[in-house]
Amino acid sequence: MSTLTFWKPGTTGPGSTLDRATEDEGNVVQSAPSHSSLSLQAQRERLPIWKHRQKILHCVEKHGVTIVVGQTGSGKTTQSGWASEGNVIACTQPRRVAATSVAVRVAAEVGTLLGDEVGYTIRFEDVSDKKRTRICYMTDGMLFRETLIDPLLSRYSVIMIDEAHERSLYTDLLLGVLKKIRRKRPSLRLIVSSATLDARSFSEYFTSGTHPDEATIISLEGRMYPVEVAYLQESAPDYVRKAVEVVWNINLHHGTGDILIFLTGREEIERCLEELTELIPTFAHLSPLFVPDAQDYPPLSRLLRGATQIIPLALHAGLSTEEQLRVFNVAERGTRKVIAATNIAEASVTIDGVKFVVDSGFVKIRTYNPTTSLASLSTVPVSQASATQRAGRAGRTSPGICYRLYPESVFASLPTNTPPEITRTDMTTPILQLKSLGIDDLMKFEWVSAPPAESVLRALEGLFAAGMIGDDGRLTPIGEQVAEFPIDVHIARMLFASKDFNCGEEILTIAAMVSIQDAFIIPDGAPGAIAELERRKFTAEEGDHLTLLNAYNAFTKYGRSSSWCKMHALNFRAMSRAVSIRSQLKKYMIRFNLPLHSCEGDAKRLRQCLVSGYWRNGARWVADGTYRSVKGNKTLFVHPTSVLFTRKPRTGWIIFHEVEETKKTQIRILTEIEPDWLLDHGHKYQHKHTAV
DNA sequence: GAGCACTGC
């Protein structure tokens with residue numbers, strides 16, 4: 001084992017960007033607690049916002065937009081005039097768990113029942129009362145959706161956007177719409193809560209084109225412990241290996257405290273934990289009894305006394321809920337948890353008790369290339385903001401240390417922030433929604449960060465080709481309706497087409513099933529082979545769409561139980577989500593008078609209907625087992641999860657749900673079709689719009 | 001014959 005030398009430039013003290021306290025996190029939704037006055041007092045002390053409420057209220061009264069730096073939660077604004085007489089305060093979060101857990105806490109603090117004065121609204125769950133709720137926590141996507149119904153958001157007097165620095169797609173869209181709303185309705189007050197680095201740009205955004213007093217910035221003290229940052233003197237060629245070495249050294253030289261390692265994906269996490277457990281028996285079996293004379297091995301004896309037993313744990317989104325919850329078990333005395341995690345641990349999941357962070361400095365990020373219309377998943381260096389956030393994970397309950405597996409010079413060269421999601425995503429759905437809001441001139445829309453012009457163009461072209469917008473650039477009647485569907489544009493288009501093919505019932509299920517990820521759980525090794533056999537029971541020879549339909553129907557038939565899923569290699573969480581999505585989409589189908597006819601086992605009709613949504617995604621089988629795309633003749637590899645992974649389709653032609661570039665260009669969720677069906681749509685397209 | 005960062009409606 002090589003010795004590691006880290007250079008320690010000093011402690012990051014209060015006032016730095018590390019000093020940010022986040023109050024909203026917590027993965028586990030708490031049950032509504034009943035507070036004694038003592039614990040209520042304790043809660044207040046934990047919420048700096050309570051201490052600073054007068055300061056915030058003062059700003060909110062004086063300025064249209066208040067940017068709050070370093071603090072979250074809107075606590076006591078409830079008791080101000082802003083929440084009286086039919087006025088409601090909205091408070092948005094980028095994630096569902098955050099929206100619910102903050103609502104639970106604030107309800108307890110205010111001393112009301114959840115869903116009464118304080119409530120929350122997230123997809124599939126509305127725990128609020130139209131008349132009584134004064135402060136409503138919600139996801140930013142939910143509030144954006146509300147603008148489609150009430151474009152001025154007239155029921156709200158104050159809107160607070162929390163975690164704005166994360167720059168989620170809907171945070172950005174919401175900020176853009178809110179700036180527009182404030183011109184028409186200046187009485188609406190905004191509070192934007194962000195980390196230090198972005199505060200000024202938010203303030204500049206809201207003051208540009210208005211008067212300089214429009215926005216103000218206030219800074220609140222955080223409550224976090226200092227985190228010492230150590231850098232490697234040289235970059236490691238293999239950061240997984242290096243992470244293992246660093247963890248082992250921490251284990252030898254430092255006292256108690258859990259270790260959190262940031263890696264990029266499941267494969268790395270598994271390798272890291274494997275190498276780590278390989279080390280454990282190496283040292284553990286050399287217990288003092290088996291060492292002939294400890295005096296002869298001073299380093300080893302020191303090691304044996306100093307080494308704490310480690311508990312290796314993985315944390316990534318692919319795990320079941322049970323497996324994810326294991327990271328919250330408190331380590332027994334004399335042991336420490338070593339958690340190898342993806343970016344999920346950066347903001348979504350907070351683990352207290354972590355004293356050491358080991359940061360690889362890399363992250364997997366999804367980017368959309370508008371030129372090729374391809375989404376790609378690639379490993380890139382993290383941003384400084386991200387690295388800072390990761391380091392902060394070591395100082396939640398006590399002072400900590402963050403080991404960065406790269407030199408400080410590399411940190412200095414990292415981009416300041418991760419590019420906002422809106423700049424690296426397919427804009428088709430967002431643009432349809434903005435059009436539905438009456439924003440027809442996208443050139444005039446004030447983006448916080450503009451998406452690439454090509455992205456906007458590509459989206460407009462696609463919407464035009466799909467008949468969602470007309471020659472005048474405005475929404476067509478069907479475009480208006482599709483904009484309301486909480487699903488991808490082309491899938492929504494397919495739901496409308498089901499009317500012509502008499503298969504609404506089945507297409508609805510397929511629409512829900514393609515919206516979830518990973519319906520099947522196929523683990524590695526021997527259990528994987530058994531799971532594979534289970535999956536074959538659902539396999540339809542026509543392809544994956546029908547296989548998913550079979551799985552869904554079996555799931556509902558056999559009682560929607562978690563144990564049944566376990567037996568049949570299905571992901572219970574994902575399947576339950578599909579049930580919720582289906583019932584939500586069904587409401588829209590009824591509203592738009594789309595019949596819910598069954599195709600009565602006529603798979604041909606079903607496949608024809610699929611082509612109406614997916615005709616742009618056609619491909620042809622070639623002898624080497626890969627496919628060539630109809631559009632662009634690109635080589636496409638079948639994803640190994642497909643039932644057509646090993647089989648040549650009878651007709652040689654397929655449509656697919658999505659394509660993604662990883663190491664290869666892969667297509668997921670395939671169905672065999674007749675080439676004529678594709679041509680029919682192609683002709684229509686060519687005929688209607690000559691410019692492809 | 002082989003693989004999946006993370007959200008959201």
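Please read all numbers here as calculations on a predicted model, not as lab measurements. Numbers restart at 1 for each chain; the letters A, B, ... are given by sequence-line order, proteins then strands.
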Side-chain atoms of K364(A) come closest, of dG1(B), dA5(B), dC4(B), to dA5(B)
Output yes when at least one side-chain N/O atom of Q666(A) is less than 4.0 Å from OP1 or OP2 of dC4(B), else no.
-> yes
With the side chain of T641(A) defined as its heavy atoms from C-beta on, choose the nearest nucleotide among dC9(B), dC4(B), dC6(B).
-> dC4(B)
E125(A) CD to dC9(B) C1': how many Å, rounded?
-> 14 Å
Among dG3(B), dC6(B), dC9(B), the nucleotide that comes nearest once only the side chain of A317(A) is considered = dC6(B)
Of the nucleotides dC4(B), dT7(B), dG1(B), which has the atom closest to the E421(A) side chain?
-> dT7(B)
Whole-Å distance, K663(A) NZ to dC4(B) P, equals 6 Å
With a 4.0 Å cut-off, would you call R95(A) and E166(A) a salt bridge?
-> yes
Side chain of M142(A) only, please: which of dG1(B), dG3(B), dC9(B) is the nearest?
-> dC9(B)
For the pair made of CG in D518(A) and C1' in dC6(B), what is the distance, rounded to whole Å?
-> 13 Å
E268(A) CD to dG3(B) C1', in whole Å, measures 14 Å
Write down the distance between CD1 (I269(A)) and P (dC6(B)), rounded to a whole number of angstrom.
-> 8 Å
Taking only the side-chain heavy atoms of I344(A) (C-beta and beyond), determine which of dC9(B), dC4(B), dT7(B) contains the nearest atom.
-> dT7(B)
Distance in angstrom units between E660(A) CD and dC6(B) P, rounded = 12 Å
Using ring pair (Phe, Tyr, Trp, His ring centres under 6.0 Å) as the criterion, list what pairs up with F144(A), not counting sequence neighbours.
-> Y170(A)
Tell me whether the OP1 or OP2 atom of dC6(B) has a side-chain N or O from T342(A) closer than 4.0 Å.
-> yes
Out of dG1(B), dT7(B), dA5(B), which has the shortest distance to the side chain of R366(A)?
-> dA5(B)
What nucleotide, of dC6(B), dG1(B), dC4(B), holds the atom closest to the side chain of L377(A)?
-> dC4(B)
Below 4.0 angstrom, N of the basic side chain to O of the carboxylate: do R366(A) and E660(A) qualify?
-> yes
Integer-rounded Å distance: dC4(B) C1' and K664(A) NZ | 13 Å
Is any side-chain N of the basic residue among E323(A) and R326(A) closer than 4.0 Å to the acidic one's carboxylate O?
-> no
Who pairs with T425(A) by side-chain hydrogen bond (donor to acceptor under 3.5 Å, both in side chains), at least two apart in sequence or on another chain?
-> none
Reckon R96(A) has a side-chain N or O less than 4.0 Å from the OP1 or OP2 of dC9(B)?
-> yes
Select from I487(A) and E267(A) the residue whose nearest nucleotide in DNA chain B is closer to the 5' end of that strand.
-> E267(A)
Would you say T139(A) reaches dC9(B)'s phosphate, i.e. side-chain N/O to OP1/OP2 under 4.0 Å?
-> yes
Select base, sugar-phosphate, or nothing to describe what L169(A) touches, counting heavy atoms under 4.0 Å on all strands.
-> nothing
Answer with base, sugar-phosphate or nothing: what part of the nucleic acid does F485(A) contact at a heavy-atom distance below 4.0 Å?
-> nothing
d(CG, L644(A); C1', dG1(B)) in whole Å | 15 Å
Is the shortest side-chain N to carboxylate O distance from E275(A) to R241(A) below 4.0 Å?
-> yes
Regarding the side chain of Q517(A), the nearest nucleotide among dC6(B), dG3(B), dC9(B) is dC6(B)
